[in-house]
Amino acid sequence: MLLLREPSDAKIRPFLDGQRSLPFSYPEVGASRNGAPPGYRVNHHRGRLGSGHETFARAVDALRRWKMYETGWTRLCWPDASISEGTVVGIVGRHLGIRSLNACRIAYVYRDEEPSLQRYGFAVGTLPSHVERGEERFTVEWQAADDTVFYEVFAFSRPDHPLVRLAGPLARRIQRRFALDSLQSMVRSITLPHTTS
């Protein structure tokens with residue numbers, strides 16, 4: 001949904017309530033586990049957060065608290081939403097004087113715990129009110145071999161709103177910007193003192 005001004009909480013709550021019972025807006029739910037289905041644009045960005053298992057634990061905590069959305073131009077409704085399959089959230093974005101309000105549902109959550117690699121993440125999929133169709137996966141991982149911790153965003157999408165279809169290059173630029181800014185949000189989150197929830 002595209003808006004000319006910032007939506008109030010009183011507007012966001014019924015909007016999200018109306019989306020909860022609706023199906024995902026794309027058929028390939030869960031496909032981001034293995035890549036992108038044909039016919040979608042891919043946005044993929046991976047960045048180093050630091051090293052050590054403590055950094056990984058902080059990164060997992062940051063992901064669970066939706067810190068990747070604290071970019072200054074995106075916000076999550078609501079940050080206390082549980083990270084569990086089926087949870088519905090809203091994302092408010094601000095771009096070029098226009099606001100967007102989009103609804104997503106967590107499609108899956110996963111955790112891999114091997115001696116040489118630990119990984120935690122989840123994916124959100126678009127609901128019918130979203131201006132795009134597709135899925136976005138957020139992952140943090142720790143590799144024992146070199147003790148590094150990485151954050152990764154992997155998304156596949158295609159426009160679902162006429163204005164987004166017309167502004168294809170701009171939409172792709174916004175997606176790339178989000179991937180880069182979300183990495184910076186994660187870096188800030190794991191370096192600032194905080195208490196785990």
Atom [atom1] of [X] and atom [atom2] of [Y]: how far apart are they, to the nearest 0.5 Å?
| X | Y | atom1 | atom2 | result |
| --- | --- | --- | --- | --- |
| D112 | T139 | CG | OG1 | 9.0 Å |
| R48 | T55 | CZ | OG1 | 8.5 Å |
| L183 | H45 | CG | NE2 | 5.0 Å |
| M186 | E70 | CE | CD | 10.5 Å |

Take S185 and R188 through the side chain to side chain donor-acceptor pair (under 3.5 Å) test and state the conclusion after the steps. CA-CA 5 Å; S185 299; R188 281 193 304 275; 3.2 Å; yes
Would you name the heavy atoms of [X] and [Y] that are closest together and state the gap between them?
| X | Y | value |
| --- | --- | --- |
| T87 | A81 | CG2-CB, 3.9 Å |
| D146 | Q143 | OD1-O, 3.4 Å |
| A62 | I190 | CB-CG2, 4.4 Å |
| Y108 | E135 | CE2-OE2, 3.7 Å |
| C104 | I91 | SG-CD1, 3.8 Å |
| S32 | F156 | N-CE2, 3.6 Å |

Hey, does [Y] have a side-chain heavy atom less than 4.5 Å from the side chain of [X]?
| X | Y | value |
| --- | --- | --- |
| T71 | R177 | no |
| K67 | L63 | no |
| S82 | R64 | no |
| H53 | D147 | no |
| R41 | P159 | yes |

Determine, for [X] against [Y], whether the closest basic-nitrogen to carboxylate-oxygen distance falls under 4.0 angstrom.
| X | Y | answer |
| --- | --- | --- |
| R13 | D17 | no |
| E152 | R137 | yes |
| R46 | E141 | yes |

Hydrophobic cluster identity match, [X] and [Y], side-chain contacts under 4.5 Å:
| X | Y | answer |
| --- | --- | --- |
| F154 | L180 | no |
| V124 | L22 | no |
| W66 | Y110 | no |
| V29 | V42 | yes |
| Y151 | L117 | no |

Stacked cation flag R158 on Y40, 6.0 angstrom / 45 deg: yes
Can you check whether Y120 and W142 have ring centres sitting under 6.0 Å from each other? no
Can the ring centres of F178 and Y69 be said to be less than 6.0 Å apart? yes
Checking salt bridge (charged side-chain N to carboxylate O under 4.0 Å, His left out) against E6, which of R94, R99, K11 comes through? R99
Here's a test for you: under side chain to side chain contact (heavy atoms under 4.5 Å, CB included), which of L76, L101, N102 qualifies with V92? L101
Fit a plane to each ring of F138 and F122, take the angle between them on a 0 to 90° scale, and name the class: parallel (under 30°), tilted (30 to 60°) or perpendicular (over 60°).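 Geometry flag for F122 against F138: tilted rings.
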Stepwise, does the side chain to side chain contact (heavy atoms under 4.5 Å, CB included) test hold for Y26 with L127? CA-CA 8 Å; Y26 62 104; L127 293 172; over 6 Å; no
Apply side chain to side chain contact (heavy atoms under 4.5 Å, CB included) to residues L49 and F150 and explain how you reach the verdict. CA-CA 5 Å; L49 293 176; F150 286 93; over 6 Å; no
Is a side-chain donor or acceptor of [X] paired with a backbone partner of [Y] at a separation under 3.5 angstrom?
| X | Y | value |
| --- | --- | --- |
| N43 | A155 | no |
| S157 | E132 | no |
| S116 | A144 | no |
| T191 | V187 | yes |
| R119 | E113 | no |

Looking only at side chains, do T126 and S25 share a donor and an acceptor under 3.5 Å apart? yes
With no hydrogens and no angle check, just 3.5 Å: does a side-chain donor-acceptor pair link Q19 and S129?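 There is such a pair (donor and acceptor under 3.5 Å, judged by atom type) between the side chains of Q19 and S129.
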